[in-house]
Amino acid sequence: MAVKISTISALVVFLALLSLSHFSHGELQLGFYNKTCPDVEKIVFGVVQDAFRTNSRLAPLMIRLYFHDCFSNGCDASLLLDSTTSEKTAGPNLSVDGYALIDAIKDELEIKCAGFISCADIIALATRDLVNLASGGKARYEIPTGRFDGRESLASSVNLPGPQMSVSDTVEMFEKRNLDLTDMVLLLGGHTIGKTHCSFIKDRLYNFENTQGPDPAMDPKLVKELKRECPENSKQNKAINLDQNVSSSNIVDASFYKQIKSGRGILQIDDQLATDEMTEQIVTDLAEGDDFLARFGQAMVKLGSFGVKNKDAGEIRKSCRSCKNRFCTA
Ligand code: HEM
Ligand SMILES: *[C@@H]1O[C@H](CO)[C@@H](O)[C@H](O)[C@H]1NC(C)=O
Ligand SMILES: *[C@@H]1O[C@H](CO)[C@@H](O)[C@H](O)[C@H]1NC(C)=O
Ligand SMILES: *[C@@H]1O[C@H](CO)[C@@H](O)[C@H](O)[C@H]1NC(C)=O
């Protein structure tokens, strides 16, 4: 009898654990909204395409927003919540934007498919479409949906890599999110588009690791050009293209890898990818045309499956800027 009871309680504990693991983990599917909102992907694309025509900044902004949202708390749109202490108020997220586009898509979907589409899926779909548009239609990937929106968003739970971290520390952070070394090199290919600011690179130009000189990994010609854009004592914080190939700085393509191979990466982590023995070969292959566009899409899909919430752990917000449930930490 005693044996039987402990067997039963073990079974109960096992089942409880099983349901717990089901409790928060979302399962993604291609066409999750087939029945509830069959045109969702068409509707999203329509809004995105119109916005893209008049604002070429949207692609880099949204790609970065997707990365920041997914990387820390999982892809749960926690970055979208408005409050004085939410994630978007913290340092690294201050230059993140694209929120108005998400609002516009959400408004449209609340008219056509009210209550069904999560903000987290809107981010994933809009990012996919912007990658496609910014690659001139060459990078098109399918992305599964079924994410639910999170109810926690705190600036104090910051967890993003910094541009001065080593490759090995950076890959450790990616591995904690089920992304391997190759995924990391592919995802940093996101820096094929968009901009940074002088404040992130002045140390590389003037006082690299307290040497009073520039980072020796940076092409001296580029150092000279950037010093003109970013004078040492200027308070002006100019925007600098992350992809220094003038003919493709606002295009999603593989030229970023060619640039970093010749010391023309802007952020320190970018140039390091090309020289670190862990990543050097991967970079060379991608620079030589190893199908970056298709592989970038797959890495984005993988990033988009991290920390996904199911309907018990999340919700479908009415406005992407605020939780529906009153038990919300933002
Ligand atoms: C080690 C990882 C990473 C570091 C340290 C990093 C760091 C940065 C920094 C410092 C900026 C410039 C911000 C500014 O000046 O306002 C930036 C911009 C950007 N990052 Fe990353 N990033 C990383 C990974 C990624 C990944 C994985 C993606 C996407 C797949 C991404 C996409 C972007 C984009 C598109 C921009 C340009 C944003 C714009 O033009 O407004 N980054 N990143
Ligand atoms: C939705 O439809 C697409 C295309 O017909 C199909 O590939 C996909 O498996 C469907 N997904 C679901 C969850 O029904
Ligand atoms: C930026 O947003 C991410 C993802 O939403 C968040 O987890 C992270 O903590 C935020 N960064 C900062 C500095 O708060
Ligand atoms: C610069 O971009 C163009 C257009 O995408 C590309 O054909 C070329 O290979 C790139 N060159 C370098 C050196 O990155």
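Just so you know, ligand 1 is whichever comes first in the structure, and atom 1 is the first atom listed for that ligand. In this text, all values refer to a predicted model and were calculated from it rather than measured experimentally. The first residue of the sequence shown is numbered 1, and numbering continues consecutively from there.
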Determine, step by step, whether K311 and D149 satisfy the salt bridge (charged side-chain N to carboxylate O under 4.0 Å, His left out) criterion, reporting the C-alpha distance in whole Å, the side-chain angles of both residues, the deciding distance to 0.1 Å, and the verdict.
CA-CA 8 Å; K311 68 175 187 309; D149 298 326; over 6 Å; no

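Per-residue contacts place L30 under 4.0 angstrom from the following atoms of ligand 2 (heavy atoms of the residue considered): 8 (C), 10 (C), 11 (N), 12 (C), 13 (C). Near Q29, meaning under 4.0 Å from one of its heavy atoms, ligand 2 places the atoms 13 (C). Near H197, with a cut-off below 4.0 Å to any heavy atom, the atoms of ligand 1 are 14 (C), 15 (O), 16 (O). Heavy-atom contacts of L242 reach the following atoms of ligand 1: 18 (C), 19 (C), 36 (C), 37 (C) (cutoff under 4.0 Å). Short contacts between ligand 1 and T196, defined as distances under 4.0 Å to a heavy atom of the residue, involve ligand atoms 12 (C), 14 (C), 15 (O). Of all atoms in ligand 1, listed by their number and element, those nearer than 4.0 Å to a heavy atom of L61 are 41 (O). Within ligand 4, the atoms closer than 4.0 Å to a non-hydrogen atom of S248 are 2 (O), 5 (O), numbered from 1 in the order shown. The ligand atoms of ligand 4 that sit less than 4.0 angstrom from a heavy atom of N245 are 1 (C), 2 (O), 3 (C), 8 (C), 10 (C), 11 (N), 12 (C), 14 (O). Close approach of ligand 1 to K195 is summarised as follows: ligand atoms under 4.0 Å from at least one heavy atom of the residue are 12 (C), 37 (C), 38 (C), 39 (C), 40 (O). In summary, the atoms of ligand 1 found under 4.0 Å from a heavy atom of G190, numbered by their order in the structure, are 35 (C). When each atom of ligand 4 is checked for a heavy atom of D253 under 4.0 Å away, the hits are 5 (O). Near G194, the atoms of ligand 1 lying under 4.0 angstrom from a non-hydrogen atom of the residue are 37 (C), 40 (O). Near I193, meaning under 4.0 Å from any of its heavy atoms, are these atoms of ligand 1: 35 (C), 37 (C). With ligand atoms numbered from 1 in the order given, ligand 4 contributes 1 (C), 2 (O), 3 (C), 4 (C) to contacts under 4.0 Å with heavy atoms of S247.
Nearest-residue assignment for atom 30 (C) of ligand 1 (options L65, L187, L188, L130; heavy-atom criterion): L187. Which of H191, R64, Q164 comes nearest to atom 21 (Fe) of ligand 1 through a heavy atom is settled by distance: it is H191. Across F296, F67, F174, heavy-atom proximity to atom 23 (C) of ligand 1 is greatest for F67. Considering K258, K261, Q259 only, the shortest heavy-atom separation from atom 9 (O) of ligand 4 involves K258. Nearest residue to atom 29 (C) of ligand 1 from L273, I63, T127, L58 is I63 (criterion: closest heavy atom).
Inclusion of T170 in the set of residues having an N or O under 3.5 Å from an N or O of ligand 1 is not warranted.
Counting heavy atoms under 4.0 Å from ligand 1, residue L160 does not touch it at all. By the criterion of a heavy-atom distance under 4.0 Å, neither the backbone nor the side chain of L303 is placed next to ligand 1.
The neighbour count for K324 NZ, taken as heavy atoms of other residues, nucleotides or ligands under 6.0 Å away, is above 12.
Note that atom 7 (O) of ligand 4 has no protein non-hydrogen atoms nearby, at separations under 4.0 angstrom. Under the 4.0 angstrom criterion, atom 14 (O) of ligand 2 counts as having a protein heavy-atom contact.
Two residues are said to be in side-chain contact when any heavy atoms from C-beta on lie closer than 4.5 Å; Y141 and V131 meet this criterion. R147 places none of its side-chain heavy atoms less than 4.5 Å from the side chain of D76.
Linking ILVMFWY residues whenever their side-chain heavy atoms come closer than 4.5 Å, directly or via other members, places L186 and V301 in the same cluster. Tracing side-chain contacts under 4.5 Å through hydrophobic residues (I, L, V, M, F, W, Y), one never reaches L130 starting from I251; they form parts of separate clusters. Follow the hydrophobic side-chain contacts under 4.5 Å out from F208 and you never reach M165; the two are in separate clusters. When hydrophobic clusters are built by joining Ile, Leu, Val, Met, Phe, Trp and Tyr residues whose side-chain heavy atoms come closer than 4.5 Å, directly or via intermediates, F116 is grouped together with L109.
For the 3.5 Å distance criterion, the side chains of S153 and N73 fail to qualify, holding no donor opposite an acceptor. No hydrogens or angles considered: nothing links the side chains of D219 and S262 as a donor-acceptor pair under 3.5 Å. When only modelled atom types and interatomic distance are considered, K261 and T284 share a side-chain donor-acceptor pair under 3.5 Å.
Atom 4 (C) of ligand 2 has as its closest protein heavy atom N34 ND2, 4.7 Å.
The two residues D253 and T192 come nearest to each other via the heavy atoms O-OG1, 3.0 Å.
In this pair, F256 and H191 present their aromatic rings perpendicular. The plane angle is above 60°, beyond the 30 to 60° band.
For the ligand labelled ligand 1, residue R57 lies inside the 4.0 Å heavy-atom shell.
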